[in-house]
Amino acid sequence: MKKKWLLFVLTFTVALVLAACGTKEENNGGSASDSGKEDTTLKVGASNVPHAEILEEAKPLLKEKGIDLEIIPFQDYVLPNKALESKELDANFFQHIPYLELQIKENGYDFVNAGSIHIEPMGVYSKKYKSLSELPDGAHIIISNSVADHGRVLAILEAEGLIKLKEGVDKSAATLEDIAENPKNIKFDTEYEPSLLPQIYNNNEGDAVVINSNYAIDAGLNPLKDSIAIEGSESPYVNIVAVRKGDENSEKIKALIEVLHSEDIKNFILDKYKGAVVPAF
């Protein structure tokens with residue numbers, strides 16, 4: 001009788017242990033499922049044109065990969081990097097490499113280039129003259145207050161024979177102080193935000209205005225037809241997707257770059273912008 005009682009107690013105890021283990025495993029399985037639910041949203045900040053338009057074209061291609069692309073538009077060059085640093089964005093797509101490098105240097109951002117996408121040739125516009133050679137002595141040229149663009153503007157003017165930079169200077173980092181020769185005594189105005197330059201041009205201010213192509217296109221200008229001089233295709237100012245360091249290896253960012261580097265996107269850029277925006281891949 002005693003043996004039967006002990007056997008009963010042992011069997012009951014084992015049953016309780018197995019039941020407890022089973023419950024624990026079931027609970028663990030549900031928790032893992034819930035916590036393992038993948039966030040499929042990818043938030044990317046972008047300038048309206050052409051960046052947001054390119055991303056809109058990429059959206060359905062990313063959807064096929066199970067990623068929901070959310071595009072957050074920006075109108076300036078400062079806030080997208082602040083939003084990326086504060087993790088409001090997963091990536092941004094609005095800036096070229098020299099600007100990113102300057103922003104990292106000035107603000108200490110821990111960002112990297114996840115992928116190069118396109119070049120927007122910068123153009124010189126004028127309602128008074130049909131070529132740079134027509135500019136008079138003492139002409140007034142308006143450029144943006146973005147210091148990162150100054151070297152780019154000066155390189156265009158040097159290529160057109162309007163000025164000459166000091167020998168050995170890094171053209172991408174050149175400033176107005178690096179002008180060695182200025183035979184037409186060109187006067188530069190650097191007071192305006194880049195986004196205001198199309199309106200400055202429409203107001204017929206200055207003798208010429210240098211405008212970033214994204215703002216020019218957004219304002220209805222055709223950089224190839226409306227400019228009196230335009231940057232060459234050898235430009236180092238490639239627009240890139242920027243992310244926080246380490247995120248360039250995430251599956252969602254890698255999928256974004258793969259889509260942006262696809263033939264579908266290349267053909268979209270070539271067809272839509274007809275040379276005013278050039279693929280860089």
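All residue numbers in this chain count up from 1 along the given sequence.
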Subject >> Common cluster, F74/V44, ILVMFWY with side-chain heavy-atom separation under 4.5 Å >> reply: no
**OP:** Search all heavy atoms of N48 against all heavy atoms of P73 and return the closest pair with its distance.
**Re:** OD1-CB, 3.4 Å
Subject >> Closest non-hydrogen atom pair, L165 against E158 >> reply: N-OE2, 2.8 Å
Original post:
How long is the gap from CG on L89 to CG on L79, to the nearest 0.5 Å?
Top reply: 10.0 Å
**OP:** Please confirm whether the backbone N or O of E101 pairs with a side-chain atom of Q103, one donor and one acceptor, at under 3.5 Å?
**Re:** no
Original post:
What are the two closest heavy atoms between A174 and V169, and how far apart are they?
Top reply: CB-CG2, 4.4 Å
Subject >> Modelled atom types, side-chain donor and acceptor of E88 and S86, under 3.5 Å >> reply: yes
Subject >> Check: I67 and L256 side chains under 4.5 Å, non-hydrogen atoms >> reply: no
Subject >> E85 and K82 ion-paired at < 4.0 Å >> reply: no
Mind listing the side-chain donor-acceptor pairs of residues 115-126 below 3.5 Å, one per line with the distance, residues two or more places apart or on another chain?
| from | atom 1 | to | atom 2 | distance (Å) |
| --- | --- | --- | --- | --- |
| H118 | NE2 | E120 | OE2 | 2.7 |
| E120 | OE1 | N214 | N | 3.2 |
| E120 | OE2 | H51 | NE2 | 3.0 |
| S126 | OG | K128 | N | 3.1 |
| S126 | OG | Y129 | N | 3.0 |
| S126 | OG | D207 | O | 2.6 |

Original post:
Do you reckon I211 sits in the same ILVMFWY cluster as L135, going by side-chain contacts under 4.5 Å, direct or chained?
Top reply: no
Original post:
Quick one: does D247's side chain get under 4.5 Å of D90's, heavy atoms only?
Top reply: no
Original post:
side-chain contact (heavy atoms from CB on, under 4.5 Å) between N145 and E193: does it pass, once the steps are laid out?
Top reply: CA-CA 6 Å; N145 60 4; E193 291 282 337; 3.6 Å; yes
Subject >> Those residues that, when tested against E251, pass side chain to side chain contact (heavy atoms under 4.5 Å, CB included) (two or more places apart) >> reply: K254
Original post:
Quick one: are H96 and N239 in side-chain contact, heavy atoms under 4.5 Å?
Top reply: yes
**OP:** For the pair Y99 (side chain) and Y77 (backbone), establish whether a donor and an acceptor sit closer than 3.5 Å, ignoring hydrogens and angles.
**Re:** yes
Original post:
Has K184 got more than 12 heavy atoms of other residues, nucleotides or ligands less than 6.0 Å from its NZ?
Top reply: yes
Original post:
Do I217 and P223 come within less than 4.5 Å of each other through their side chains, counting heavy atoms only?
Top reply: yes
Original post:
Looking at I257 and A114, what are the two nearest heavy atoms and their distance?
Top reply: CG1-O, 3.6 Å
Subject >> Separation between CG of D218 and OG of S195, rounded to the nearest 0.5 Å >> reply: 10.0 Å
Original post:
Does the side chain of N81 come under 3.5 Å of the side chain of N107 through a donor N or O and an acceptor N or O?
Top reply: no
Original post:
Has the side chain of K274 got a donor or acceptor atom that lies under 3.5 Å from a matching backbone atom of D271?
Top reply: yes
Original post:
Counting only N and O atoms by type, is there a donor-acceptor contact under 3.5 Å from the side chain of N182 to the main-chain atoms of I163?
Top reply: no
Original post:
Is there a donor-acceptor pair under 3.5 Å between the side chain of K65 and the backbone N or O of K252?
Top reply: no
Original post:
Is K63 atom NZ crowded by more than 12 heavy atoms from other residues, nucleotides or ligands, each under 6.0 Å away?
Top reply: no
Original post:
Judged by atom type as modelled, is there a donor-acceptor pair below 3.5 Å linking the side chain of H150 to the main-chain atoms of S144?
Top reply: yes
**OP:** Quick one: closest heavy-atom pair of A52 and A46, and the distance?
**Re:** N-CB, 3.9 Å
Original post:
Between CD of E263 and CZ of F281, what distance do you get to the nearest 0.5 Å?
Top reply: 7.5 Å
Original post:
Could you give the distance from CD (E191) to CG (D189), rounded to the nearest 0.5 Å?
Top reply: 5.5 Å
Subject >> N/O donor-acceptor pair under 3.5 Å between D226 side chain and L221 backbone >> reply: no
Original post:
How many angstroms lie between CD1 in I156 and CG in L162, if you round to the nearest 0.5 Å?
Top reply: 11.5 Å
Subject >> Pairwise side-chain contact, Y237 with N212, heavy-atom cut-off 4.5 Å (strictly under) >> reply: no
Original post:
Can you check whether L176 reaches T190 side chain to side chain, under 4.5 Å on heavy atoms?
Top reply: yes
Original post:
Is a side-chain donor-acceptor pair under 3.5 Å present for E53 with Y273?
Top reply: yes
Original post:
Knowing that exactly one of L157, V153, L197 qualifies, which makes a side-chain contact (heavy atoms from CB on, under 4.5 Å) with I143?
Top reply: V153
Original post:
If we only count heavy atoms from C-beta on, is the I179 to F188 side-chain gap below 4.5 Å?
Top reply: yes
Original post:
Going only through I, L, V, M, F, W and Y residues with side-chain contacts under 4.5 Å, is there a path from I104 to V112?
Top reply: no
Original post:
Is there a side-chain contact (heavy atoms from CB on, under 4.5 Å) between K245 and F111 once you walk through the steps?
Top reply: CA-CA 5 Å; K245 189 175 182 179; F111 298 164; over 6 Å; no
**OP:** Of all the heavy-atom pairs spanning A173 and D178, show the shortest one and how long it is.
**Re:** O-OD2, 4.4 Å
Original post:
Under a 4.5 Å side-chain heavy-atom rule over Ile, Leu, Val, Met, Phe, Trp and Tyr, are I54 and V49 clustered together?
Top reply: yes
Original post:
Could you go step by step and tell me if L42 and I253 meet the side-chain contact (heavy atoms from CB on, under 4.5 Å) rule?
Top reply: CA-CA 8 Å; L42 182 64; I253 294 298; 3.9 Å; yes
**OP:** Indicate if I265 and L55 have the same hydrophobic cluster label, given that clusters are the connected sets of ILVMFWY residues with side-chain heavy-atom separations under 4.5 angstrom.
**Re:** yes
Original post:
Does any non-hydrogen side-chain atom of L154 lie less than 4.5 Å from one of K171?
Top reply: no
**OP:** Quick one: pull up CD1 in I228 and NZ in K127 and give me the separation to the nearest 0.5 Å.
**Re:** 12.0 Å
